[in-house]
Amino acid sequence: MSQFAISYTRFSSGSQRHGTSLERQQELSLRYCKKHNLTLMQSFHDGGKSGYHGKHLEAGGQLKRLLEMLDNGDIPRGTHLLIEQTDRLSRQPLMQAFSLVTNLLEKGLVIVTLDDEQRYTYEGDQTQVYMLAGRLHRGYDESRSKSERLGKVWANKEKEMKEGKLPKMRLPFWLERDSSGEVVELSSWVSLIEEVLNLSIEGYGGADIAAKLNAEGKLTKDGVNWNSSKITKLIRNKQLTGWHTRKADKTMYFCLPPVVSQELFSMAQKALDSRTRTRGNSKQWNSALSGLTSCGACGGALKLHGRPQSRTAVCRTAVDGGSCTNRKSIRYKALVLGSVASLSTSLASLMMKQPNKKPPQEKRDLETLLAKAENKVSNLVQSIGLSENSTMLVTLTRELDKASNEVETLKVKLSEVEPVESAEVRAFRMLRIAKEEVPALVTGVLEGSKADANKLNTYLHSIDGFRIDLLDGVATVLGTDIWFEKKELKISNEHVGEVSIIKEDKVPKVGTYVTDSGHEIVTEERGTPLGGGYYLAI
């Protein structure tokens, strides 16, 4: 059974609900992992993607990404899939939802509903699977009833909007209803909007406009700082000219009072378009460091931008008009290579300290007996399937019960002789897994492979304490500093001191060094291979 777990949740749109749902899911997942001695590899979540219409299973959905990783073998069989409750996984019609669940089970996942800690496996109690089907059906019925109610409400609203009337709905921040129910403009916000559009026309970028507003104390309606993204969305918002767009089908209705002229709005669009640069296609590229980076000054996430071969990482808050001053960037390639170098040096240090022990004789004997017992169960099951003699079937069934009990007994005994894994041993095991897999992925990651990036991201998430902090152009991960010095990429840590990462095309001389603790370490004349043609020159 795998010692790994992944978590998944889906929630409706709304920033406050996003935070609450994610925090609850994370809290329940970590509590379950601690209780059952599991490592949480990765978390997936779909915000604002309908489980009733299956949007989380379409392109861009995190559940679809999870299924793709399963198909690629990036998630080990036996991994626990932790969900708050079954309707977070799907609210589709019964057969579609049940097909999704059985697909996950067939691919080796153990589905765990955290609200009741019920576990579902492909080989488990079929009665439990039928109960799961009932829960899925209830979720679908609830969503269908809600959809029908909302459909009737929307039909009435649509009728009013087609007539040019404004139904009861959430208004943009520059409008409100007075005591009589009439929609009125908020002059202070309309003035700010006109200022933003005029600054855009004058050539100011989103980050510059955000910085100007923040410096003047002109915060958003929610009382937070502006950033480049918020400014761009405001400039693009067609509600400024009176048009409301229905999200479901993008139908537009002229039902809001316009607060800027069409001429001013169009000029701002043209100015914004003229500054839009061609960027890499994010739909065909994933970061191998997603969810693993932060600013060393403000703690915010890092932003990756630029062309595919020269992407850089920098504090998002700093470049999007926020108050952070940590504006010095570092190459994405440097972060990937530096992280792999950090893993290599950490592993080498642990190898020197951690003895290369063989499992105890008692454990090896039990493993041999268990393999024989499991083979006997498999043979008996096959014989029962082929037998047509009723008397023989009774005998075989009894033998199967005895063999199955023997398997369970041996598993219990084996678990009792299995030593409790210490933090150091666990760290060593995780680093060793990553060391064996990571270098082979680096070439694909640097070339933009989504599959390799996803797999590397999963491994890095599985390592305790793996987090990249960037401050003044120096990245730090697992006690290793990564930086550029005169165009040369360098790292420094307590294991190897200060060394360079180089690219070398010559065929190396390979040797093997055996440590006093019994581990074999492969060495190359030009340094430790990191993948992608790069080496740690030590």
Side-chain angles (χ1 to χ4, degrees), residues 10-18 46-64 90-93 96 139-178 181-186 189-190 192-194 196-197 200 206 220-222 229-273 276 281-283:
R10 179 186 52 78
F11 40 78
S12 59
S13 56
S15 57
Q16 186 174 2
R17 190 173 296 177
H18 279 204
D46 280 311
K49 292 188 180 293
S50 171
Y52 178 64
H53 295 101
K55 297 294 184 182
H56 57 331
L57 290 167
E58 297 177 358
Q62 286 291 293
L63 185 56
K64 180 174 176 61
S90 178
R91 279 180 170 260
Q92 293 176 283
Q96 289 176 257
Y140 168 67
D141 278 346
E142 290 170 6
S143 290
R144 183 178 59 181
S145 299
K146 181 180 177 182
S147 179
E148 289 172 354
R149 290 195 303 271
L150 291 176
K152 292 177 182 178
V153 171
W154 170 250
N156 293 330
K157 287 186 176 183
E158 184 178 33
K159 182 176 180 295
E160 291 182 77
M161 287 192 288
K162 284 181 177 178
E163 295 171 354
K165 300 176 184 178
L166 184 61
K168 288 186 178 180
M169 58 183 289
R170 184 179 179 182
L171 297 174
F173 67 83
W174 58 87
L175 299 174
E176 71 174 9
R177 293 184 187 273
D178 61 18
E182 291 294 318
V183 177
V184 296
E185 300 175 7
L186 299 174
W189 290 111
V190 173
L192 182 143
I193 289 166
E194 290 174 344
V196 169
L197 266 59
S200 179
T220 69
K221 186 70 176 288
D222 297 326
S229 175
K230 288 184 173 69
I231 293 295
T232 300
K233 286 179 180 177
L234 178 59
I235 295 172
R236 296 290 195 197
N237 197 334
K238 292 184 174 63
Q239 290 182 313
L240 296 173
T241 58
W243 290 94
H244 172 73
T245 305
R246 188 190 179 196
K247 289 183 179 180
D249 56 10
K250 305 304 180 185
T251 304
M252 296 177 62
Y253 302 91
F254 187 77
C255 59
L256 292 165
V259 294
V260 299
S261 68
Q262 183 61 53
E263 180 183 8
L264 179 64
F265 184 78
S266 297
M267 290 172 65
Q269 304 309 301
K270 290 179 182 178
L272 192 60
D273 290 339
T276 301
N281 188 347
S282 60
K283 292 183 179 180

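For the single chain, residues carry numbers from 1 onward in sequence order. Any value given below was found using the heavy atoms of this structure, including those in side chains, with hydrogens, waters and symmetry copies removed. Small disclaimer: the values here were computed from a predicted structure and weren't measured.
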Smallest separation among heavy atoms of Val190 and Val259, with atom names: CG1-O, 3.9 Å
Contact summary for Ala268 and Ser200, nearest pair of heavy atoms: O-OG, 3.8 Å
Residues Lys221, Trp189; criterion side-chain contact (heavy atoms from CB on, under 4.5 Å); working and verdict: CA-CA 9 Å; Lys221 186 70 176 288; Trp189 290 111; 3.6 Å; yes
Ion pair Asp222/Lys230, N-O distance below 4.0 Å: no
Atom pair CZ (Phe265) and NZ (Lys270), whose distance is rounded to the nearest 0.5 Å: 12.5 Å
Residues Val184, Leu175; criterion side-chain contact (heavy atoms from CB on, under 4.5 Å); working and verdict: CA-CA 6 Å; Val184 296; Leu175 299 174; over 6 Å; no
Spacing of Leu256 atom CG and Leu171 atom CG [to the nearest 0.5 Å]: 7.5 Å
Where Val183 and Pro257 come nearest, the two heavy atoms and their spacing: CG1-CG, 4.0 Å
Value rounded to 0.5 Å, distance of CG in Leu264 from CG in Leu197: 4.5 Å
Residues Leu240, Trp174; criterion side-chain contact (heavy atoms from CB on, under 4.5 Å); working and verdict: CA-CA 9 Å; Leu240 296 173; Trp174 58 87; 3.6 Å; yes
Point-to-point distance, once rounded to the nearest 0.5 Å, from CG of Leu192 to CG of Leu234: 7.5 Å
Minimum heavy-atom distance between Glu185 and Pro258, given as atom pair plus value: OE2-O, 3.7 Å
Inter-residue atom distance His244.NE2 - Gln239.CD, 0.5 Å rounding: 6.5 Å
Closest approach of Phe254 to Thr241 (non-hydrogen atoms, all atoms of both residues): CE1-O, 3.2 Å
Derivation of the side-chain contact (heavy atoms from CB on, under 4.5 Å) call for Thr245 and Thr251: CA-CA 6 Å; Thr245 305; Thr251 304; over 6 Å; no
Glu182 side, atom CD; Arg177 side, atom CZ - distance, nearest 0.5 Å: 8.5 Å
Ser266 side chain vs Gln262 backbone, donor-acceptor pair below 3.5 Å: yes
